Structure formats: structure tokens, C-alpha cells
Amino acid sequence: MKNFICKAKRFLPVFLIIPILTFTEIILSSCINDELEIKQNFPFDISVMPVPKNIAKDETVEIRLKIHPSGDFTETTYYLRYFQFDGSGTLKYYDDAPYLPNDSYELSQKEFRLYYTSSSTVSQKFKIWITDSFGNEKEIEFEFGNKD
């Protein structure tokens, strides 16, 4: 019996290590998913500074816009398109060529200025759509009365 007790004392540390290793394996195996999920698609809002209500023919109005994303993913790109459905005029970005209706243009900044120049003597209405690379879209409508 004494011999059995001596042998049991030698194997006692092994019997204690087995439950500890089993417990450690159970805890670590809960982290099987090696992929880290990174959120890239963030909805956004747009703020527009006030613009005049009336505009005369050949007058230019500055439209200040700012995109406010709800999160930050540096590879998100934003696009702008517009369509004028009443009156006539041109919309352009700084000194670039005027935008063509329904064409999509990439925006290089989240805060920018557009310039609308009237070319008619009647009221004018147009819409601007801003879309990101994930399909989120916001629509803004502008309406100018005739300043005569």
C-alpha cells in the first residue's frame, strides 16, 4: 500500500494539470473566428448653409454643403449628381466645368461649395443627390424665385 501511495504522489501533478489544460482549451476555443469584422458602411447626413430665395438672370449663388458621416472609413468615396426640372442654369464645383444633368461626379472633400448660375427669368428648381460608395444616398432640393 505504501508503494501505491508513493506512485500516486508522483502522478498527482499530472492529474492536476489535465483539468487545467482542459479548462484552458475550452476558454481559448471560444475564439475560433480568426476574422475581425470592420464596419465600413456608415450612413451620413448633409448640412446646407442657407441660400437666397430669389435669383436674377446671370446671377451666381454659392451653395455650401458638408457631409457628416456617422462613422469614419477612409476609403469611402462620395459622388454628386443633379437634375434641373424647372428653369435653366448651371451648377459647378469651384472653377471646374459646369456639371451635366444626371452625370455622376466624385467629390474630393466632405466640405465643399457649389456655384449655381441662373440663365433664366423664371423660377428654378433642381435636386442634388449625394451618394457614397456603399449606396447610401441623400437628396437635397433647391428652389429659387425670380428676382425682378
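These numbers come from a predicted model, not from an experiment. As a basis for the values below, the full set of heavy atoms in this structure was taken, side chains included, without hydrogen atoms, waters or symmetry mates.
Between the NZ atom in Lys92 and the OH atom in Tyr99 there is a gap of 11.0 Å [rounded to 0.5 Å]. Atom CG of Leu80 is separated from atom CG of Leu107 by 5.0 Å, given to the nearest 0.5 angstrom. Rounding to the nearest 0.5 Å places OG1 of Thr121 at 12.5 Å from CD1 of Ile55. Atoms CD and OG, from Glu106 and Ser133 in turn, are 9.0 Å apart once rounded to the nearest 0.5 Å. In this structure, the separation between CD1 on Ile46 and CD1 on Ile128 is 8.5 Å, given to the nearest 0.5 Å. Atoms CD1 and CE, from Ile63 and Met49 in turn, are 13.0 Å apart once rounded to the nearest 0.5 Å.
Tyr115 and Thr117 share no side-chain donor-acceptor pair at under 3.5 Å.
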Could you walk me through whether Tyr116 and Gln84 satisfy the side chain to side chain donor-acceptor pair (under 3.5 Å) test, starting with their C-alpha distance in whole Å, then the side-chain angles of each, then the deciding distance to 0.1 Å, before giving a yes or no?
CA-CA 11 Å; Tyr116 177 77; Gln84 185 158 3; 2.7 Å; yes
Going through the checks in order, is the side-chain contact (heavy atoms from CB on, under 4.5 Å) test met by Leu65 and Leu114?
CA-CA 8 Å; Leu65 298 125; Leu114 299 174; 3.5 Å; yes
Determine whether Tyr94 and Phe112 satisfy the following criterion, ring pair (Phe, Tyr, Trp, His ring centres under 6.0 Å), listing intermediate values before the conclusion.
CA-CA 9 Å; Tyr94 293 107; Phe112 56 97; 8.3 Å; no
Could you walk me through whether Gln124 and Ser88 satisfy the side chain to side chain donor-acceptor pair (under 3.5 Å) test, starting with their C-alpha distance in whole Å, then the side-chain angles of each, then the deciding distance to 0.1 Å, before giving a yes or no?
CA-CA 7 Å; Gln124 298 153 66; Ser88 62; over 6 Å; no
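Ion pairing between a basic and an acidic side chain is recognised when a charged N comes within 4.0 Å of a carboxylate O; Glu137 and Arg81 show such pairing. Ionic pairing of Glu59 and Lys147 is present here: one or more N-O contacts between side-chain nitrogen and carboxylate oxygen are shorter than 4.0 angstrom.
Using a 4.5 Å cut-off on side-chain heavy atoms (C-beta onward), Thr76 and Phe134 make contact. Between Thr77 and Asp132, every side-chain heavy-atom pair lies at or beyond the 4.5 Å cut-off. The closest side-chain heavy-atom distance from Ile67 to Asp45 is not below 4.5 Å. Contact annotation: the side chain of Phe144 approaches that of Val51 to within less than 4.5 Å [non-hydrogen atoms, C-beta and beyond]. Tyr79 is not listed as a side-chain neighbour of Tyr105, based on a closest heavy-atom distance of 4.5 Å or more. The closest side-chain heavy-atom distance from Pro101 to Tyr82 is below 4.5 Å. A heavy-atom distance below 4.5 Å is not found between the side chains of Ser120 and Lys57. Between Val122 and Asp86 the shortest side-chain heavy-atom distance does not fall below 4.5 Å.
Shortest non-hydrogen contact noted between Ser118 and Ala56 is CB-O, 3.5 Å. Closest heavy-atom contact between Val61 and Pro52: CG1-CD, 3.5 Å. Taking both residues in full, the closest heavy atoms of Glu139 and Trp129 are given as OE1-NE1, 3.0 Å, listed atom of the first, atom of the second, then distance.
With sequence neighbours left out, Tyr78 forms a ring-ring contact (aromatic ring centres under 6.0 Å, His included) with Phe44.
Transitive grouping of hydrophobic side chains (ILVMFWY, heavy atoms separated by less than 4.5 Å) keeps Phe83 and Val48 in distinct clusters.
Listed for the Thr90 side chain is no donor-acceptor partner under 3.5 Å among the backbone atoms of Pro98.
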